[in-house]
Number of protein chains: 2
Amino acid sequence: MGRLTIKDVARAAGVHPATASRALNPLLPGRISAGTTERVARAAAELGYVADPVGRSLRTQRSGTVGVLVPDLLNPFYPPVLRGVQEVLRGHGFEALIASTDNDPGRAGALLDVFRGRRCEGYVIASASRRDDAVGRLIAEGVPVVLVNRLTEAAAPSVTSDDARGIGQAVRHLAELGHTRIGHLAGPSGISVTRAREAAWRAGLRAAGLTPERSWVVRAGQYTASAGERACGTLLDRGEVTAILAGNDMIAVGCYAAFAARGLSCPEDVSLVGINNMPLAEWLRPSLTTVAIDQEELGARAARLLLARLADPAARVGDVALPTELVVRRSTGPVRP
Amino acid sequence: MGRLTIKDVARAAGVHPATASRALNPLLPGRISAGTTERVARAAAELGYVADPVGRSLRTQRSGTVGVLVPDLLNPFYPPVLRGVQEVLRGHGFEALIASTDNDPGRAGALLDVFRGRRCEGYVIASASRRDDAVGRLIAEGVPVVLVNRLTEAAAPSVTSDDARGIGQAVRHLAELGHTRIGHLAGPSGISVTRAREAAWRAGLRAAGLTPERSWVVRAGQYTASAGERACGTLLDRGEVTAILAGNDMIAVGCYAAFAARGLSCPEDVSLVGINNMPLAEWLRPSLTTVAIDQEELGARAARLLLARLADPAARVGDVALPTELVVRRSTGPVRP
DNA sequence: TTGAAAGCGCTAACAT
DNA sequence: ATGTTAGCGCTTTCAA
């Protein structure tokens with residue numbers, strides 16, 4: 001089964017290979033007669049010809065490949081994002097290379113080198129820290145980059161969630177349940193969403209007529225369940241808050257463990273709100289009240305932004321902020337009298 | 001910033017491009033003098049040269065690319081598998097293209113066509129059903145394929161888990177806790193692991209001196225939490241069993257919801273055992289007793305098998321069965337007196 | 001051991 | 001509108 005080349009198609013259609021190539025690539029300069037186009041298309045279809053991307057890439061200097069970097073593939077938040085990215089990319093003939101830094105910013109450089117080696121045309125970066133050398137360099141070089149969820153000091157088109165809205169709803173929801181001391185388990189500093197969420201929490205409290213206290217915030221070193229468990233333990237042991245806004249759902253997952261370890265029941269003793277509405281959030285016990293973000297849409301929009309820049313490098317593609325919405329489940333309840 | 005080519009390296013080292021190419025590819029026929037090799041290597045390093053995979057692929061007819069197909073990227077079982085696959089592949093200069101069928105066997109064909117179009121050299125298939133046309137065709141064509149976790153009627157090298165051992169331990173564990181009526185929530189028929197696990201459950205009961213009843217098995221249509229919840233509901237409503245072996249951890253996740261809906265507490269009223277020990281299994285409440293499979297190793301071994309076949313298409317690479325081990329957590333307890 | 005030359009499959013520039 | 005030619009970057013004959 002020797003590979004089928006464009007020569008085979010050309011021969012079958014009785015034309016020159018270059019003509020066949022043009023006939024199969026619709027919008028090229030120097031159009032082809034309808035009849036020829038038709039014959040070539042038919043021949044290609046009958047033979048089952050698929051253009052070799054390697055030969056094409058070598059000639060066009062475009063790989064049809066995009067690098068996607070996520071911070072933690074084991075965090076259920078990201079698979080849906082990848083799904084959105086891939087769905088859009090495949091629809092446009094692009095393919096994604098995927099890598100995870102596994103929450104180690106130091107690995108980004110090496111992984112981006114792999115992508116570069118593969119001649120990726122552009123990048124979707126969901127793993128950026130605010131001052132991220134590797135990503136900053138990429139942006140400085142003028143390589144098409146779209147940031148997802150996390151921004152860098154270097155500016156690039158981005159898709160984020162409008163956390164302020166959902167977090168505001170979350171705090172109001174808790175306040176309406178009678179909570180006046182609402183803690184926050186922030187993610188690692190150095191990541192843009194961490195700041196944004198903490199600021200939104202602060203603003204939300206003020207809007208509800210409450211005064212955020214310094215001691216109500218504990219910083220989890222990572223957006224992981226175990227970091228969340230530790231941070232939550234610290235916060236609980238201070239004994240001040242009756243409700244907690246976790247920096248994301250994984251931190252919230254860790255909270256359940258911290259509650260159990262202290263014999264606290266949720267929501268009777270403590271109310272808990274997460275952020276992300278990751279796929280398993282509704283299956284936790286109690287099911288998790290959380291600020292929902294459309295993860296797949298996040299990825300899809302990022303892919304579209306990137307495709308726009310790829311199609312026209314001069315295009316000024318903007319930023320997108322997706323709305324967030326509180327989803328009330330069973331992890332929040334009235335404050336203990 | 002024009003891309004760096006081998007010509008640049010050759011010029012810097014004062015040799016012919018062909019010589020430079022040979023110097024950089026260690027084990028080629030026609031060896032190069034140590035001195036030249038040295039100079040070329042130094043020049044390449046100083047310039048930061050990385051061979052263009054496109055040019056190389058065109059010449060060698062090898063893409064350095066492998067297609068990986070999983071059934072459900074949203075199932076936390078698979079990300080670690082992918083991690084294992086990627087780790088090994090990258091270590092050997094290969095890159096993975098990843099796709100998920102999203103539990104729809106019908107999508108496999110189209111996704112494999114995408115892979116084929118990208119000239120993947122081989123495939124890691126974790127999504128196969130027992131009679132899987134698309135995968136069967138691949139195998140019949142002699143394309144290097146390694147199956148993970150799920151076997152097809154067509155034979156190909158595979159990496160699976162030795163579920164029998166772990167499931168045997170699980171049933172014994174439950175029996176020792178006094179359970180005599182132990183149900184099973186099987187996965188979708190048509191997938192090899194489903195059969196293997198059901199058979200192991202049956203064998204485990206017999207080994208414990210118990211007789212498996214037909215009515216103790218309910219089949220979940222998918223390996224998902226919602227399918228698990230439905231199936232578990234059916235089983236519970238029959239009111240016969242005091243313990244449940246779920247077909248995998250996602251089905252077990254659904255069980256927690258079914259328990260809650262019926263006011264049953266776990267493990268006081270029902271004991272539950274999952275299979276996989278997916279990340280998050282330990283974070284569920286109660287934490288899930290489960291038959292652990294080393295997911296990352298599953299992926300890593302599959303990648304190694306595939307690399308062996310790619311390096312030598314005639315190589316007879318065998319099958320691997322990884323050991324499983326029961327991990328006892330808090331979802332299992334003594335039967336109610 | 002190294003150089004010269006050819007060619008992988010494709011498409012863009014040029015020629016007709 | 002179509003054919004001709006050339007060349008993308010690399011490796012692998014073949015020759016020296």
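Labels below follow one simple rule: chain letters A, B, ... track the order of the sequence lines, proteins then strands, and each chain is numbered from 1.
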Taking atom P of C/dG7 as reference, at what distance in whole Å does atom CG of A/Asp52 sit?
18 Å
Please confirm whether the backbone N or O of B/Val88 pairs with a side-chain atom of B/Arg90, one donor and one acceptor, at under 3.5 Å?
no
Closest-nucleotide 5' rank along DNA chain C - winner of B/Ala20 and A/Ala18:
B/Ala20
Report the distance from atom CZ of A/Arg119 to atom P of D/dG9, rounded to the nearest whole Å.
9 Å
May I have the distance from A/His16 (atom NE2) to C/dG9 (atom C1'), rounded to whole angstrom?
13 Å
Any side-chain N or O of A/Thr36 below 4.0 angstrom from OP1/OP2 of D/dT2?
yes
Of the listed D/dT13, D/dT11, C/dA12, the closest approach to the B/Arg22 side chain comes from D/dT13
OP1 or OP2 of D/dT11 under 4.0 Å from side-chain N/O of B/Arg56:
yes
Minimal non-hydrogen separation, B/Leu69 against B/Ala108, with atom names
CD2-CB, 4.1 Å
For atom CG of A/Leu58 and atom C1' of D/dA6, their distance in whole Å:
13 Å
Under 4.0 Å between a side-chain N/O of A/Tyr49 and OP1 or OP2 of C/dG9, yes or no?
no
Taking only the side-chain nitrogens and oxygens of A/Ser21, find out if one of them lies under 4.0 Å from OP1 or OP2 of C/dT11.
yes
Look at A/Glu38 together with A/Arg42 and state whether they make a salt bridge at an N to O cut-off of under 4.0 Å.
yes
How close or far is atom P of C/dC10 from atom CG of A/Asn25, stated in whole angstroms?
11 Å
May I have the distance from A/Leu4 (atom CG) to C/dC8 (atom C1'), rounded to whole angstrom?
16 Å
Can A/Thr152 and A/Asp132 be counted as having a side-chain donor-acceptor contact under 3.5 angstrom?
no
Nucleotide nearest A/Arg59 (side chain, heavy atoms from C-beta), chosen from C/dT2, C/dA5, C/dG9:
C/dG9
Nearest whole angstrom, please: distance from the C1' of C/dG3 to the NZ of B/Lys7.
15 Å
Would you indicate, yes or no, if C/dT11 has its OP1 or OP2 atom less than 4.0 angstrom from a side-chain nitrogen or oxygen of A/Thr60?
no
Give a yes-or-no answer on whether the side chains of B/Asn149 and B/Thr160 include a donor-acceptor pair shorter than 3.5 Å.
no
OP1 or OP2 of D/dA1 under 4.0 Å from side-chain N/O of A/Ser33
no
From the set C/dT11, D/dT11, C/dA4, return the single nucleotide nearest to any side-chain atom of A/Ile6.
C/dT11
A/Gln61 side chain near D/dG9 phosphate (N/O to OP1/OP2, under 4.0 Å)
yes
